[in-house]
Participant: 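Structure incoming, see below.
Below, chains carry the letters A, B, ... as their sequence lines are ordered, and counting in each starts from 1. Bear in mind that the values here come from a model prediction, so they are computed numbers and not experimental data.
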There are 2 protein chains.
Amino acid sequence: MSTGSEIPIALRTAYLALHRRSEARFAEYGVTADQFVVLATLAREGHALTQRELARRISSDPSTVRAMLVLLEEQKLVERCTHPTDARARSVALTTKGMRAYRRLWTAGEPIRAQMLDALAPGEEKRLVRLLTKITDALTPERVPVGAATSSESQGDQP
Amino acid sequence: MSTGSEIPIALRTAYLALHRRSEARFAEYGVTADQFVVLATLAREGHALTQRELARRISSDPSTVRAMLVLLEEQKLVERCTHPTDARARSVALTTKGMRAYRRLWTAGEPIRAQMLDALAPGEEKRLVRLLTKITDALTPERVPVGAATSSESQGDQP
DNA sequence: TATTGTTATACTCTATAACTATA
DNA sequence: TATAGTTATAGAGTATAACAATA
């Protein structure tokens with residue numbers, strides 16, 4: 001019964017478990033799980049990003065990103081300079097303190113990542129990521145391939 | 001680089017894509033994606049649940065569930081009666097209107113579920129659900145199997 | 001004109017702690 | 001004593017719309 005409901009339920013349950021574990025883990029550092037995602041995105045990128053670009057990367061929107069950055073800026077973990085070539089934009093980067101915090105947080109999160117990997121057989125990590133990416137692509141309007149109409153005619157969703 | 005970070009990122013991205021699509025879809029019915037989960041849980045169960053049990057099912061906590069139920073009750077979609085055998089507990093059930101709303105919402109969500117399934121090859125749905133369940137079990141303290149220490153010694157997380 | 005970001009505003013979800021009432 | 005739920009409270013993320021400055 002309830003065809004197709006298993007993936008949404010399993011996806012939600014797994015994500016919330018991860019989110020809650022991360023939240024608890026990062027709390028003593030005064031950072032939320034979502035704020036960690038911002039720090040990690042900036043750290044992995046290695047250079048400054050505009051707020052718009054940052055919003056895209058973390059699946060959020062400019063208004064939300066601003067709210068998060070204000071909180072991170074209060075903690076001196078990020079700084080927002082005027083963009084060198086576009087005076088409208090803001091160039092967001094980690095401060096030295098932010099970089100240090102990110103590295104501590106990354107280490108703090110290690111047990112969580114290890115628990116997930118330990119639960120999987122060799123090759124399953126890659127397989128899971130591949131399947132999740134398929135789901136993301138299927139649900140993200142911008143990335144919908146042109147000839148995507150396969151078996152079901154029941155989309156009627158894209159403009 | 002950044003060993004083990006792919007699953008968290010892919011999981012978060014996929015979940016947020018699903019959540020956002022669902023939110024947009026259900027908005028015209030005046031219901032959020034999370035509220036839909038409550039309705040769906042009650043509908044699938046077929047009988048009333050206590051608030052505590054409901055919280056467990058939807059990966060939430062009693063305080064949050066109460067807030068959600070108050071909103072759903074204002075819309076007359078659920079009702080909370082005193083539990084027949086435990087006077088402390090509340091027995092939460094869908095109203096007739098709630099059941100109708102749930103069925104409409106289920107239909108409204110069909111295209112989203114279809115898009116996900118269309119993106120997967122035969123057998124991949126089951127495989128994805130199985131992998132996500134493994135992740136959930138690995139991250140959920142209550143469900144941690146006793147002899148769970150496999151390859152990594154870096155847990156140090158469970159009490 | 002289109003785009004980047006800000007501001008104001010509002011709502012939902014989340015969660016802790018102190019509390020009441022039952023078991 | 002332990003449990004179910006409420007209340008108060010706070011904060012974080014989310015999002016829309018109107019706006020300013022810049023491209």
Participant: Would you kindly give the CG-to-C1' distance between B/Leu69 and D/dA4, to the nearest whole Å?
Facilitator: 13 Å

Participant: Could you tell me which residues satisfy side chain to side chain contact (heavy atoms under 4.5 Å, CB included) with B/Arg90, sequence neighbours excluded, listed by chain and number?
Facilitator: B/Gln51, B/Arg80

Participant: Nearest whole Å is fine: how far is D/dT3 C1' from B/His83 NE2?
Facilitator: 13 Å

Participant: Could you tell me the separation between the CG atom of B/Leu49 and the C1' atom of D/dA4, rounded to a whole number of Å?
Facilitator: 14 Å

Participant: Measure the acute angle between the ring planes of B/Phe26 and B/Phe36, then classify it against the limits of 30° and 60° as parallel, tilted or perpendicular.
Facilitator: tilted

Participant: Would you mind reading off the distance between A/Arg56 atom CZ and C/dT3 atom C1', rounded to a whole angstrom?
Facilitator: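 These atoms are roughly 16 Å apart.
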
Participant: Is the shortest distance from a Lys or Arg side-chain nitrogen in A/Arg56 or A/Glu53 to a carboxylate oxygen in the other one below 4.0 Å?
Facilitator: yes

Participant: Let me know the distance between CZ of B/Arg66 and P of D/dT9, rounded to the nearest Å.
Facilitator: 13 Å

Participant: Could you write nucleotides 18-23 of chain C as a row of B, S and -, 5' to 3', where a protein heavy atom under 4.0 Å of any base atom gives B, of only sugar-phosphate atoms gives S, and otherwise -?
Facilitator: ---BBS

Participant: Under the salt bridge (Lys or Arg N to Asp or Glu O under 4.0 Å) definition, can you give me all pairs with a residue in residues 125-135 of chain A, not counting sequence neighbours?
Facilitator: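 Salt bridge (Lys or Arg N to Asp or Glu O under 4.0 Å) check on residues 125-135 of chain A returns A/Arg130-B/Glu124, A/Lys134-B/Glu124.
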
Participant: Looking at B/Arg80, I'd like to know whether one of its side-chain N or O atoms comes within less than 4.0 Å of OP1 or OP2 on D/dT6.
Facilitator: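 Result: yes.
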
Participant: Let me confirm one number: the OG1-CG distance from B/Thr136 to A/Leu18, rounded to the nearest 0.5 Å.
Facilitator: 9.5 Å

Participant: A/Ala93: what forms a side chain to side chain contact (heavy atoms under 4.5 Å, CB included) with it, not counting sequence neighbours?
Facilitator: A/Ala48

Participant: Could you pull out all residues at least two apart from B/Ser63 that satisfy side chain to side chain contact (heavy atoms under 4.5 Å, CB included)?
Facilitator: B/Asp61

Participant: Under 4.0 Å, counting only non-hydrogen atoms across every strand here, what does A/Arg52 touch: a base, just sugar-phosphate, or nothing?
Facilitator: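 Result for A/Arg52 = sugar-phosphate.
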
Participant: Atom CG of B/Leu72 and atom P of C/dC11: how far apart are they, to the nearest Å?
Facilitator: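 After rounding, the reported distance stands at 16 Å.
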
Participant: May I ask you to verify if any side-chain N or O of A/Arg90 is less than 4.0 angstrom from the OP1 or OP2 atom of C/dT6?
Facilitator: yes

Participant: Nearest whole angstrom, please: distance from the C1' of C/dT14 to the NE2 of B/His19.
Facilitator: 12 Å

Participant: Please determine if B/Glu110 and B/Arg113 form a salt bridge, counting it only when a charged side-chain N lies under 4.0 Å from a carboxylate O.
Facilitator: no

Participant: How would nucleotides 11-17 of chain D be written as a contact map, 5' to 3', with B for base contact, S for sugar-phosphate-only contact and - for no contact, using protein heavy atoms under 4.0 Å?
Facilitator: -SSBBB-

Participant: Without decimals, in angstroms, what is the distance between B/Phe26 CZ and C/dC13 P?
Facilitator: 13 Å

Participant: Would you give the length of the straight line joining atom CZ of A/Arg44 to atom CZ of A/Arg57, rounded to the nearest 0.5 angstrom?
Facilitator: 10.5 Å

